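The block underneath contains the structure these notes are about, expressed in structure tokens.
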Amino acid sequence: MTCLPARTDKKLGLAIDLDTCVGCNACVTACKGWNDQGYGAPLSDQDPYGADPSGVFLNRVHSYQVQAPDLAAITVNLPRSCLHCEDAPCVTVCPTGASYKRVEDGIVLVNEDACIGCGLCAWACPYGARELDAAAGVMKKCTLCVDRIYNENLPEEDRQPACVRSCPTGARHFGDFADPDSTVSRLSAARGAVPLFPEMGTKPVNRYLPPRKKDALDASPLAPLLDIKTSGFAGWLDRLLEKF
Amino acid sequence: MHPAPSVILFTVLSGLGFGMLAALGVIVHPYGWTAFVLWGLGYGFAVAGLLASTFHLGHPERAWRALSQWRTSWLSREGIAAIATLVLLAPMALSDWLGLGFGRGLGLIGAILALATIATTSMIYAQLKTVPRWNHWTVPVQFFAFALTGGAMMTGQRGLALGLLAVLACALLAHWRFGDGRFAAVGATMGSATGLGHLGRVSVFDPAHTAGSYVMREMIFVVGRKHAARLRVLALGLACLLPAVILGLSGSVLACGVAVVVHLLGALAARWLFFAEAEHVVGLYYGQRQ
Amino acid sequence: MTQPKINLSPPVSDEIRQTTCYMCACRCGINVHMTDGRVSYIEGNRDHPINKGVLCAKGASGIMQVTAPSRLRAPLRRVGPRGSGAFEEISWDEALALAVSWMKPLRDTAPEKLAFFTGRDQSQSLTGWWAQMFGTPNYAAHGGFCSVNMAAGGIYTIGGAFWEFGQPDWDRTKLFVLFGVAEDHDSNPIKIGLGKLKARGGRMIGVNPIRSGYNAVADDWFGITPGTDGLLILSLIHCLLEAGKVDLTYLSQFTNAPMLVIEEGPEKGMILKNADGQPLVIDRKTGQPAPWDGTGVTPDLGAVWQGQRTVFQHLAERYLAPDYAPEAVADRCGIPAARIRSLAAELARVAFDEAIELPQAWTDFRGNAHASMTGRPVSFHAMRGISAHSNGFQTARALHLLQIVLGTVEVPGGYRLKAPYPKPVEAHPTPHAVATPGKPLGGPHLGYVRSPEHLAIDADGTPLRIDKAFSWENPLSAHGLMHMLIPNAHAGDPYHIDTLFLYMANMAWNSSMNTARVMEMLTDKGPDGDYVIPRIIYSDAYASEMVAYADLILPDTTYLERHDCISLLDRPISEPDAAGDSIRWPVVEPDRDVRGFQSVLLDLGARLGLPGMVAEDGGPKYADYADYIVNHQRRPGVGPLMGWRGAGDDEGRGVPNPAQLQRYIENGGFYQAHVPQEASFYKPWNAAYQDWAVKIGLYDAPQPYVFSIWSEPLRRFQAAAEGIGPLQPPDHLRARLRQAMDPLPSWYPPFGEAAGAAFPLHALTQRPMDMYHSWGSQNAWLRQIRGRNALYVPTKVWDEHGFCAGDYARLSSPNGEIVVPVAHMAALNENTVWTWNAIGKRKAAWALDEAASEATEGFLLNHLISECLAGERRITNSDPVTGQAAWFDLKVRIERVGPKEQSEPAFAPISRVVPKGERRP
Ligand SMILES: Nc1nc2c(c(=O)[nH]1)N[C@H]1C(S)=C(S)[C@@H](COP(=O)(O)OP(=O)(O)OC[C@H]3O[C@@H](n4cnc5c(=O)[nH]c(N)nc54)[C@H](O)[C@@H]3O)O[C@H]1N2
Ligand SMILES: Nc1nc2c(c(=O)[nH]1)N[C@H]1C(S)=C(S)[C@@H](COP(=O)(O)OP(=O)(O)OC[C@H]3O[C@@H](n4cnc5c(=O)[nH]c(N)nc54)[C@H](O)[C@@H]3O)O[C@H]1N2
Ligand code: SF4
Ligand code: SF4
Ligand code: SF4
Ligand code: SF4
Ligand code: SF4
Ligand SMILES: [Mo]
């Protein structure tokens, strides 16, 4: 299955608003919680209470600082998970066909029964979106919660990724980028969404809405009612109460 | 990239093995017990390398599945090419050992397949855009140079080996020379990784996690510049210069043996560096490069 | 090859049980998924008013908390020296009998010798009542070291507070200004609100020395120098006054701005009142005095009557003074004057030019009918960044004043209070502290002092409480001073105690100031060879640092294993549009010999024979906490829960309903009483709201009030400090009382500045959003995200000292030094360093490996913070008004140390009371 489909019916993915993400990590543990008992093997943790813990997470939130000359530095939080690339190199390198991109919706998945855990797909991914599970010996990655978004055992409104459902600020938007009228497409257009690592040629589906312009407060100062020094407090009070 | 012993062994040994097989297929025509030993070593190295490559698999018992995706996957192609080589050359080896006198046509095809195997192995690395140092023609060249040099040395082709050692030295130097500038040339930066580059200079404030992770262990390996420079000298010396000097001085079996061992040590060092110096672009998310 | 077929509709679980999260005090609703009888997945409850389906990082990893290996397993009795960690497991009967044998004699002879203090307790109405029935004056919860400045500053000014007691009108506000908040108790509501604001294109301004988290998404960042917010805010008020951009109608109708201040005599500084003690205003229509709440009265802000001027004139004169001009405060605040002026202009522009009008008629308490509701869509929120300083009370008041002059409290688009607030300070009890052997205390411990007569001191001025709350040192200490409990008990100042009874507070680690010394205080022995603090009983659910220092451990359940009640009598889950309360219930049964602490407390109460806890037959009145929640009545018809009372239809008031808990469970664990539409704004003055509040039992009679710009309670203390009145403070406190008890919001430099030029940097902590104090580290998922902390250093200091990645620094304060890892941060006030709070752990605590990064690299700033101010006397390092711990007054000096692997001080591992955690369940 390592041939990429010529085209997919939908392009499901996430639009993540970096102007709204406060870096709370809610999406990180929501993802871990769902996927620990959802699609495929649980997300194991090694040495969980020890000196060198290490476990599988399908979504991780970084925090960066950005400095430009003459501007106050800004801090930006950036969640990182699989971007369900259109030209997914992780799929084409896979020797077993375990990695594949779904024709229906473009979701990139690992068929864990076929995965040999060679790790090559993780090498091929620029985004660090794949983590090999040390206990199960298979590659894990964001499934775009494929076991939620169509799940008829869930109420309609819950058929969205666990991270999106959990995000307290609503910074994560899920939808079909192939549909120009979808929220994710409209948001991306309106906010000048950017792809990550465009030079890697992966054509990521997920988009990031960049932070809005910061520190631009430029209200012109308030004009005083009158010169208090010359007219005195009484004058000021009269003038003020006139407005009443 | 993490210089895992299994992949270092895999690439070095299988390169040597298939290099030998290629040499045995076309250039060298041993017979009898010499043939047995040489073919045996060739097969041994190749198979040992392939086996080593399965050590790092999460599910070695499913390794057979890796043959299925030849249409897109270099790893799959490598597996197929390797098996085809081993299968096709088997009659040739038997013929050489037992003096069956089969035509050399089979050897030629086998040798081509062996070269193809080496090519596919190198392409596993060279195809990766995410590792700019590898994503370059110097990688296949280096892999070929190693394989052929090793093959020539192992099969006692002294003259050829001396020539190939020179080629290998050039290939290594070229790989380092071009490799050092590859990351910058590709243009991947923290700015492009995060999509924030247009806003200013990006650096890490708080890491995404303080615990270790697969990605960090596997993809982010930092080797000190000074350390790397010393190792390069060592690798070049052991893999090329010293064997050349030894072979230049003497063509005795002992000299050849010593040269091969020294060369192999150099190959291991060079391969360790090949991994250790290779920076994966994912490191940018962790501020591993500006 | 075809793509594999996968099951797109796998079953999620066997059953969902809905309860309330308790990975922190936000109290979100959760759906606990059960598979094969075990918790398999936790997600947010979409119908829940607090979180509306979302969860935070902690809540979503609750499964790692209820299965943590650090959970205590059975009651423990100390068998070795205290602190050695040598314990033996005992039965509950033994444990309770032992506790009773210690407590009973104290109750009969000297109830004050038992000090009962609780941490992030969500059952304070029970624990407080228990302590009251026991008769000890020594009870408080964590508010004193937490954010009492916020609570008191708000309640004394607007009859409500920030904290979780109100919130911006997230649906309508257009400009939101956040002062000094990293996370707050209202974790998810704030995030949901910010998301709404952003989605609507509203603007957010962050005032904070550190630009991370909420401040990272702020459109504008004011990287203020710590401790100077009061000055900045008063300067904004200066600009608004100067330009006349204040809401005169609001000021005259809803605040005490038009009341008259007595100029001279013994009543100097008090509000002029008529013979019935009612304040006067001058009616603009007649020019004559009129009752403040008279129908048709339009109070005159500019009146002068018999030489007395209005509060408004005092206010204007004070803040129009050049000392408050932006140019005068800019350097001190670290913010250019032009930025201050443009912030003031923006506040005015949005408040007045973008005012909104809701077509909702309402009637005010004077009987005046209004056709609509005017909204000023500017809102503010603040927390510990302003309150955890020694000038925090006055800064909180200043911020409320800013809201008031903009006319934006309790209006559409502004700041809205949540039930049981608004509530005037007069409606709160005053403190009770006189202990009588064998008798309950005369009333609740904590309250709102209005004048020196309410202080908890004896005739010669000695504090009656162990924490010296409600004494001249900090008269309005409405939440007590938990941080002084151990130091005072150790010093015998004001007296020694016998038994320290602690619940849910990690006082041997991150919750104490001067932690290293506090650990010694807990193990110090007196000349008689006995411990200075003779007995310590502690209830924790986990193997925290504090456990090692107890003599008797009462192991609690985890939050999914017990009943809890989040009550209107306490800290409920109300929203501006609905009063609300909720429960927890045992969605799983404990697999260990542990008991819910509240049930244990009721059991102890019955064994001690405490009034209200013993049935007529002499047995326990309540079988357990669940029984109490349903059947206890605080006032007739009013109990812990408001929903489904009586036959099941009564709201707020009604006889106990045995099916009440079941109804809560069926409804997702919570209840809401919705505020009628016409009552939803202008609540303190809105007749419809007042009537509704009486109906559901929040008050017993309508209690409209006006906001206190001029605070009489404060003035009474200031007057005392000036020598007026019969009760006089000790001389050494006069000057600071005169300064701090200013009836108008004021600013003075935080006491930490006394450290001087040798300690040039401010040192702060912030809450990480993904950790809850010390408890987060036992969570296998969360500790992978944040398993160590670094000291963040601003660029200027980083360069000056030549720091490199991987370096450690020595950080010194007048109280001591620590050696800790550093990291660079660009978006940081240039005179400030900071770190994440409570990530550092004691080795071997929390069932972690001794070499865990939390215990090697991780560190606490607390060692640098002294619990007392420098000087001869033991004066608490707290706000002089409220006793709020001044955590953020800390000043430090930094030096480069170079690479290292272990932070200092490094303490010996503590002995384990549970085995080291090995594998994740
Ligand atoms: N440097 C610095 N220090 C600070 C602060 C700061 O900003 N900077 N902030 C201060 C503030 S505001 C606060 S509120 C304090 C926090 O102080 P604490 O309330 O003491 O902090 P926690 O670490 O939450 O400790 C609570 C204890 O309760 C236990 N616990 C958790 N769940 C349960 C349960 O269900 N039942 C029982 N019985 N116990 C349980 C935990 O195991 C832990 O031991 O820290 C203060 N310390
Ligand atoms: N995730 C999580 N949530 C929590 C807690 C937790 O431990 N974890 N703890 C709970 C508790 S007990 C409490 S009390 C609340 C506290 O919630 P917060 O009030 O958010 O408490 P802190 O994290 O102490 O944040 C203080 C903020 O004030 C800033 N600050 C410090 N000094 C100044 C100053 O002088 N001026 C200004 N403008 N800002 C300043 C700091 O940079 C920091 O951002 O959070 C509660 N919620
Ligand atoms: S983000 Fe990585 S794993 Fe996901 S599709 Fe793209 S390349 Fe593959
Ligand atoms: S690890 Fe699994 S999915 Fe990835 S390339 Fe190897 S076989 Fe394919
Ligand atoms: S879509 Fe699902 S799997 Fe992917 S990051 Fe979100 S929660 Fe994790
Ligand atoms: S949950 Fe939302 S706000 Fe929090 S880190 Fe994830 S994307 Fe950002
Ligand atoms: S904010 Fe998080 S931890 Fe706190 S109650 Fe809500 S979900 Fe639980
Ligand atoms: Mo707190």
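Owing to the predicted nature of the structure, the values given are computational and were not obtained by experimental measurement. Convention: sequence-line order gives letters A, B, ...; per-chain numbering from 1.
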Partner chain A: residue of B/Pro207, B/Ala66, B/Ala211, B/Ser53 with the largest heavy-atom pair count (under 4.5 Å): B/Ala66
Part of B/Leu128 lying under 4.5 Å from any heavy atom of chain A: side chain
Which heavy atom of B/Ala267 sits nearest a heavy atom of B/Ala239, and at what distance? N-CB, 4.0 Å
Taking A/Asn206 for its side chain and A/Ala15 for its backbone only, find out whether a donor-acceptor pair lies under 3.5 Å. no
Taking the ring centre of each residue, are B/Tyr125 and B/Trp74 less than 6.0 Å apart? no
Side chain, backbone, both or neither: which part of B/Ala63 has a non-hydrogen atom closer than 4.5 Å to chain A? backbone
For chain B, the option from A/Val28, A/Val93, A/Leu18 that forms the most heavy-atom pairs under 4.5 Å: A/Val93
Under 4.5 Å from any heavy atom of chain A - which part of B/His280: side chain
Exceeds 12 heavy-atom contacts within 6.0 angstrom, atom CH2 of B/Trp272: yes
State, yes or no, whether a side-chain contact exists between A/Phe174 and A/Val184 at a heavy-atom distance under 4.5 Å. no
Within the structure provided, determine whether B/Phe146 and B/Ile118 are in side-chain contact (heavy-atom separation under 4.5 Å). no
I'd like to check A/Val164 versus A/His173 (side-chain heavy atoms, cut-off strictly below 4.5 Å). Are they in contact? no
Pick out which of B/Arg232, B/Arg225, B/Arg182 makes a salt bridge (charged side-chain N to carboxylate O under 4.0 Å, His left out) with B/Glu277. B/Arg232
Can you list the residues of residues 47-54 of chain A that sit under 4.5 Å from chain B, counting heavy atoms only? A/Pro53, A/Ser54
Residue from A/Ala114, A/Gly23, A/Pro210 scoring the most non-hydrogen pairs under 4.5 Å with chain B is A/Ala114
Do A/Phe197 and B/Tyr285 have their ring centres less than 6.0 Å from each other? yes
Do B/His56 and B/Phe10 have side chains that approach each other closer than 4.5 Å (heavy atoms only, starting at C-beta)? no
Taken to the nearest 0.5 Å, the spacing of B/Phe274 CZ from B/Trp176 CH2 works out to 12.0 Å
Pairwise side-chain contact, A/Leu209 with A/Ser188, heavy-atom cut-off 4.5 Å (strictly under): yes
Establish, yes or no, whether the cationic atom of A/Arg191 lies under 6.0 Å from the six-membered ring centre of A/Tyr208 and within 45° of the ring axis. no
To the nearest 0.5 Å, tell me how far B/Leu16 CG sits from B/Leu21 CG. 9.5 Å
Decide yes or no for A/Asp45 and A/Lys32: does some side-chain heavy atom of the first lie under 4.5 Å from some side-chain heavy atom of the second? yes
With a 4.5 Å cut-off on heavy-atom pairs, point out which of A/Thr92, A/Val56, A/Val194 contacts chain B the most. A/Thr92
Out of B/Pro60, B/Ser76, B/Pro132, return the one with the most heavy atom pairs under 4.5 angstrom to chain A. B/Ser76
Could you walk me through whether A/His84 and A/Leu12 satisfy the side chain to side chain contact (heavy atoms under 4.5 Å, CB included) test, starting with their C-alpha distance in whole Å, then the side-chain angles of each, then the deciding distance to 0.1 Å, before giving a yes or no? CA-CA 8 Å; A/His84 299 278; A/Leu12 295 186; over 6 Å; no
Within residues 58-79 of chain A, the residues sitting under 4.5 Å from chain B by heavy atom, in sequence order, are A/Arg60, A/Val61, A/His62, A/Ser63, A/Tyr64, A/Gln65, A/Val66, A/Gln67, A/Ala68, A/Ile74, A/Thr75, A/Val76, A/Leu78
What I'd like to find out is whether the side chain of B/Leu268 reaches to under 4.5 Å of the side chain of B/Ile8, using heavy atoms alone. yes
For chain A, which residues of residues 212-221 of chain B have at least one non-hydrogen atom nearer than 4.5 Å to it? B/Gly212, B/Ser213, B/Tyr214, B/Val215, B/Arg217, B/Glu218, B/Met219
Tabulate, in ascending numerical order, the residues of residues 117-145 of chain A having at least one heavy atom closer than 4.5 Å to a heavy atom of chain B, or enter 'none'. A/Gly117, A/Cys118, A/Gly119, A/Leu120, A/Ala122, A/Trp123, A/Ala124, A/Cys125, A/Pro126, A/Tyr127, A/Gly128, A/Arg130, A/Glu131, A/Leu132, A/Ala136, A/Gly137, A/Val138, A/Met139
Does B/Arg71 offer a backbone N or O that forms a donor-acceptor pair with the side chain of B/Arg77 under 3.5 Å? yes
Answer yes when A/Asp87 and B/Lys129 have at least one side-chain N-carboxylate O distance shorter than 4.0 Å, and no when they do not. no
Salt-bridge present (A/Asp17, A/Arg172; N to O < 4.0 Å): no
Checking heavy atoms, do the side chain of B/Gln127, its backbone, both or neither come under 4.5 Å from chain A? side chain
Side chain of B/Thr194, backbone of B/Met190: donor and acceptor closer than 3.5 Å? yes
